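Scroll down for the structure; my scribbles are underneath it.
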Amino acid sequence: MDLKITTLGGKDAGKVKLSEEIFGLDPREDILQRVVRWQLAKKQQGTHKAKGRAEIARTGAKMYKQKGTGRARHHSARAPQFRGGGKAHGPVVRSHEHDLPKKVRALGLKHALSAKAKSASLIIVDELKLADAKTKALAANLETLGLTNALVIGGAELDQNFKLAATNIPNIDVLPIQGINVYDILRRGTLVLSKAAVEALEERFK
């Protein structure tokens, strides 16, 4: 698969041959859903908590005598049916993580990249560098490329000026190649890869 390379200014910079094994697959929604669910579950804090009856600070004395009142038999005021009592089967602090095989994770990334390539939402840029960390200059470049909602993936080391300039632009995310992931690829409209990122991806899946 051949794709045109462009500069940040929107000029033609040649072509690059993309691997069919990474960018030419037929995207499967079930694999993408599994990977996104795994990512979001791992990200979830799990700090929700409700007090059980054992954790409520109330008297342990019997509420009233067992017999002769005509009322139901009760012991502790900490029981869940009473106002101020403990929560029955409430949420507890826990991890929401679950396992997902490495091969499925790798396949999910390939399918996400292929989905962007198939929908013509993939742009290859020769290099992500700016002379100055100016947001206005970068915003003008992105407007030239028609990017309003995009994930930009650079090489192993991001240009500091580019990274700083992109910080204040809404709906534009910038990540080094190590941070590429399925969720971020799918949540943005367009995927922008540098030549270094393409080379790193092909090396990774070799």
Side-chain angles (χ1 to χ4, degrees), residues 1-29 31-33 35-37 39-40 42-43 105-205:
M1 179 193 295
D2 289 331
L3 207 66
K4 184 177 78 170
I5 302 174
T6 183
T7 64
L8 268 179
K11 294 178 181 175
D12 194 6
K15 286 191 174 184
V16 65
K17 189 172 180 65
L18 300 178
S19 170
E20 290 286 341
E21 292 179 8
I22 302 170
F23 295 92
L25 301 177
D26 194 20
R28 277 180 52 184
E29 288 184 11
I31 291 176
L32 295 173
Q33 187 269 347
V35 179
V36 169
R37 183 171 168 269
Q39 271 188 253
L40 294 182
K42 196 174 181 183
K43 194 177 174 183
R105 285 181 250 163
L107 194 59
L109 184 54
K110 288 180 183 178
H111 278 257
L113 293 167
S114 296
K116 289 297 179 189
K118 192 171 184 181
S119 63
S121 302
L122 177 64
I123 294 176
I124 310 294
V125 176
D126 60 345
E127 56 179 6
L128 302 171
K129 285 187 178 177
L130 289 177
D132 299 302
K134 298 286 185 185
T135 300
K136 189 175 180 180
L138 180 58
N141 286 335
L142 295 178
E143 192 177 338
T144 304
L145 293 172
L147 299 175
T148 54
N149 187 304
L151 171 67
V152 182
I153 303 290
E157 293 291 329
L158 287 174
D159 178 56
Q160 203 61 24
N161 288 341
F162 185 91
K163 187 179 175 183
L164 288 171
T167 304
N168 287 332
I169 303 177
N171 301 323
I172 300 292
D173 297 331
V174 179
L175 291 173
I177 188 62
Q178 304 93 300
I180 193 169
N181 64 87
V182 174
Y183 176 66
D184 280 330
I185 290 172
L186 297 180
R187 72 190 283 263
R188 293 296 175 210
T190 309
L191 176 63
V192 180
L193 297 175
S194 69
K195 274 174 69 179
V198 172
E199 289 164 10
L201 280 170
E202 295 194 345
E203 184 65 32
R204 176 173 172 176
F205 291 119

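On a predicted model such as this, the values are computed, not experimentally measured, just so you know. In what follows, every heavy atom counts, from backbone to side chain, and hydrogens, waters and symmetry copies are set aside.
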Would you say Leu113 and Ile185 make side-chain contact, with heavy atoms under 4.5 Å? yes
Looking only at heavy atoms, what is the nearest atom pair of Asn149 and Arg187, with distance? OD1-O, 4.1 Å
Would you find a donor on one side and an acceptor on the other, under 3.5 Å apart, between the side chain of His111 and the backbone of Leu32? no
For the CD1 atom of Ile153 and the CG atom of Asp184, what is their distance to the nearest 0.5 Å? 7.5 Å
Are any of the side-chain heavy atoms of Lys195 and Val16 separated by less than 4.5 Å? no
Quick one: does any side-chain atom of Asn161 pair with a main-chain N or O of Ala131 as donor and acceptor, under 3.5 Å? yes
Non-hydrogen side-chain atoms of Ile180 and Leu201 separated by less than 4.5 Å: yes
pair Lys118-Asp26: side-chain heavy atoms closer than 4.5 Å: yes
Could you report the tightest heavy-atom contact between Gly9 and Asn141, atom names first, then the distance? CA-OD1, 4.2 Å
Tell me the closest heavy-atom pair linking Gly154 and Ala197, and the distance in Å. O-CB, 3.6 Å
Do the non-hydrogen side-chain atoms of Leu109 and Val35 ever get within less than 4.5 Å of each other? no
Roughly how far, to the nearest 0.5 Å, is CG of Leu138 from CG of Leu164? 11.0 Å
Would you say Val182 and Leu186 make side-chain contact, with heavy atoms under 4.5 Å? yes
Pairwise distance CG(Leu142) to CG(Leu147) - rounded to 0.5 angstrom: 5.5 Å
Do any N or O atoms from the side chain of Ser194 and from the backbone of Asp126 form a donor-acceptor pair under 3.5 angstrom? no
Counting neighbours of CD on Gln33 that are heavy atoms of other residues, nucleotides or ligands and sit closer than 6.0 Å, is the number greater than 12? yes
Can you check whether Leu130's main-chain N or O pairs, donor with acceptor, with Asp159's side chain at less than 3.5 Å? yes
Please check this pair: side chain of Lys116 against backbone of Gly189, looking for a donor-acceptor N/O pair closer than 3.5 Å. yes
Which atoms form the tightest heavy-atom contact between Phe162 and Lys129, and what is the distance? CD1-N, 4.4 Å
Look up atom CG in Leu8 and atom CD in Glu127, then write down how far apart they are to the nearest 0.5 Å. 8.0 Å
I need the minimum non-hydrogen distance between Glu21 and Lys110, along with the two atoms involved. O-CD, 3.6 Å
Given Leu18 and Ile22, is the side-chain contact (heavy atoms from CB on, under 4.5 Å) satisfied, shown in steps? CA-CA 8 Å; Leu18 300 178; Ile22 302 170; over 6 Å; no
Taking side-chain contact (heavy atoms from CB on, under 4.5 Å) as the criterion, tell me which of Ile124, Leu3, Ile177 meets it with Val198. Ile124
Side chain to side chain, Leu122 and Leu193, heavy atoms closer than 4.5 Å: yes
Residues in side chain to side chain contact (heavy atoms under 4.5 Å, CB included) with Lys136, at least two apart? none
Is there a donor-acceptor contact under 3.5 Å from the side chain of Thr135 to the main chain of Ala165? yes
Say you draw a straight line from OG1 of Thr144 to NZ of Lys11; how long is it, rounded to the nearest 0.5 Å? 10.5 Å
Shortest non-hydrogen contact from Val192 toward Ala150: CG2-CB, 4.3 Å
Indicate yes or no for a side-chain donor-acceptor contact from Thr7 to the backbone of Val125 under 3.5 Å, with no hydrogens or angles considered. no
When rounded to the nearest 0.5 Å, the distance separating OG1 of Thr6 from CG of Asp12 is 7.0 Å
